[in-house]
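Shown next, in C-alpha cells, is the structure this report addresses.
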Amino acid sequence: VIVVLIVISAVVFGLTLKSAFESTFLSRCEKFDQYDCKKVWDAFQQAYVNKDPCKVPVEAYDPLIAAAPFKPQCNRMMFWSKTKDVVHGFTEKRDCFVTLEDTLLGSVLDGLTWCGKEGSKDTNTTGCPGWSDCENNTVRSFWIRASAAFADVACGNVTAMLNGSINTPFNPTSIFASVEVPRFIASRVKNLNVVMVIQKNNISNCTDPSLKNLRQSIDTGITFSCKDVSESQIQECGAKPEIACGDCW
Ligand code: AVW
C-alpha cells in the first residue's frame, strides 16, 4: 500500500512540475528586471496552446508583445541578416548595440522550438513544424511578430550587419528585408548604416546590386550608408573594451 501511495503521489507531483521548456523560459526571463515573468509566460502560451501548430497567425502573439513591450534604444539598435554568429559574438561582449536577441522576448526564445496541439494544453518541443513547412507555424509567426515590434521602435541611427559571403546580402525574402526595413520610418529613424561583414572569401560588398534595392526601399528622408568591415575587425573590437563603440568601424 505504501509503495502504491508513493507511486501515486510521485505521479501527481510530476504532473504539477514545470516542463523543462517552461523552466528555461522563466529562468531566462528572470534575468530581466521590471517584468512579471509569470504574466509573460501566460501571454506567450495563449498564442499557440490548444491550436494546430500550422495555424498560428502572426497576430496571435500581439498579447505577448503587449505584455513585454520593446523599449526604443535610439542609436543602439542592431539588425542583421545571415550574420547571427558574428553579431551576437560582438553584442555579448560589448554593449554598443542591442539586437532582438538581447531583449527579453528575443533572448528567452532564441534557439528554442515550441508548439501546441489541438485538444491539449501542453507545450511540445519535438514534432513541431519546421520553419518552411507551413506559413503560419508557431515559431516563425513569433519571430515575424517580434521582429516587427522591434523594428517599430527603431530610432536615430540604425545599424544592420549583412553578409558579404553570400550572393544577395539584402535578400527580399529575409525577415530583415520583408518585415523590418518597411517599418523604419523617417520620423523616427535618421540613418540606416549597413556594416557589410567581409570574410576572406567574400563574394559581395557594399557595391552589390542588392544594396541598391535596399537604398531604394527605405523611407524617403532616411539617409543610407554602407561600410565594408572585415569580420576580424569586428571580433577585435568585441575583445577590446578600450576601443570606443564609435571607433569600431
Ligand atoms: P536570417 P533574417 N529555417 O539569418 O533577415 C529555419 O536569414 O531573416 O536573417 N530558421 C530560419 C529560416 C529557415 N529557413 N529563416 C530564418 N530562420 C530563423 C530578427 C533562424 O533562427 C533580427 F532582428 C535564423 O537564425 C534580424 O534583424 C533567423 O531566423 C532579422 O530578424 C534569422 O534568419 C534576421 O532575420
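Whatever order the structure lists ligands and atoms in, that order sets their numbers, starting from 1. Keep in mind the model is a prediction, meaning the values are calculated, not measured. Values below: every heavy atom of this structure, side chains too, minus hydrogens, waters and symmetry copies.
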Item checked: Between Asp102 and Thr99: side-chain donor-acceptor atoms closer than 3.5 Å -> yes
So for Leu100 against ligand 1, with non-hydrogen atoms under 4.0 Å, the contacting part is side chain
Evaluate the side-chain proximity of Val49 to Thr123: yes if any heavy-atom separation is below 4.5 Å, no if none is.
yes
For this session: Give yes if a backbone or side-chain nitrogen or oxygen of Phe176 is under 3.5 Å from a nitrogen or oxygen of ligand 1, and no if not.
Result: yes
Report task. Kindly state whether the ring of Phe142 and the ring of Trp114 have centres lying under 6.0 angstrom apart. Result -> yes
- Query: Does Phe79 reach ligand 1 with a nitrogen or oxygen that is under 3.5 Å from one of the ligand's nitrogen or oxygen atoms?
  - Reply: no
### Task
Answer yes if the side chains of Trp80 and Glu180 hold a donor-acceptor pair under 3.5 Å, and no otherwise.
no
Query - Intermediate values then yes/no, ring pair (Phe, Tyr, Trp, His ring centres under 6.0 Å), Tyr48 and Tyr61 - result: CA-CA 9 Å; Tyr48 64 87; Tyr61 288 100; 7.1 Å; no
If we count only non-hydrogen protein atoms and require a distance under 4.0 Å, does atom 27 (O) of ligand 1 qualify as touching the protein? yes
Of Leu26, Leu105, Val108, the one forming a side-chain contact (heavy atoms from CB on, under 4.5 Å) with Val40 is Leu105
In this structure, atom 25 (O) of ligand 1 is nearest to the protein heavy atom Lys84 CD, 3.3 Å
Original post:
Counting only non-hydrogen atoms of the protein, does one fall under 4.0 Å from atom 32 (C) of ligand 1?
Top reply: yes
>> Is any side-chain heavy atom of Pro72 closer than 4.5 Å to one of Cys155?
In response: yes
- request: Report yes or no: does Trp80 have a heavy atom closer than 4.0 Å to ligand 1?
  value: yes
Below 3.5 angstrom, do we get any N/O pair linking Lys82 and ligand 1? yes
Residue, atom and distance of the protein heavy atom nearest atom 3 (N) of ligand 1 read Trp131 CB, 3.1 Å
Any heavy atom of Ser81 under 4.0 Å from ligand 1? The part involved is both
among protein heavy atoms, the one nearest atom 8 (O) of ligand 1 is Ile175 N, 2.8 Å
_Working for side chain to side chain contact (heavy atoms under 4.5 Å, CB included), residues Val158 and Phe184_ = CA-CA 9 Å; Val158 165; Phe184 297 158; 4.0 Å; yes
Short version for Glu180: what comes under 4.0 Å of ligand 1, heavy atoms counted, is side chain
- Message: Between ligand 1 and Thr83, is the shortest N or O to N or O distance under 3.5 Å?
- Response: no
Ser147 heavy atoms within 4.0 Å reach ligand 1 at atoms 19 (C), 31 (O)
Q.
With disulfide bond (SG atoms under 2.5 Å apart) as the criterion, how do Cys96 and Cys248 come out once you've worked through the C-alpha distance, each side chain's angles and the decisive distance to 0.1 Å?
A. CA-CA 10 Å; Cys96 309; Cys248 277; 4.9 Å; no
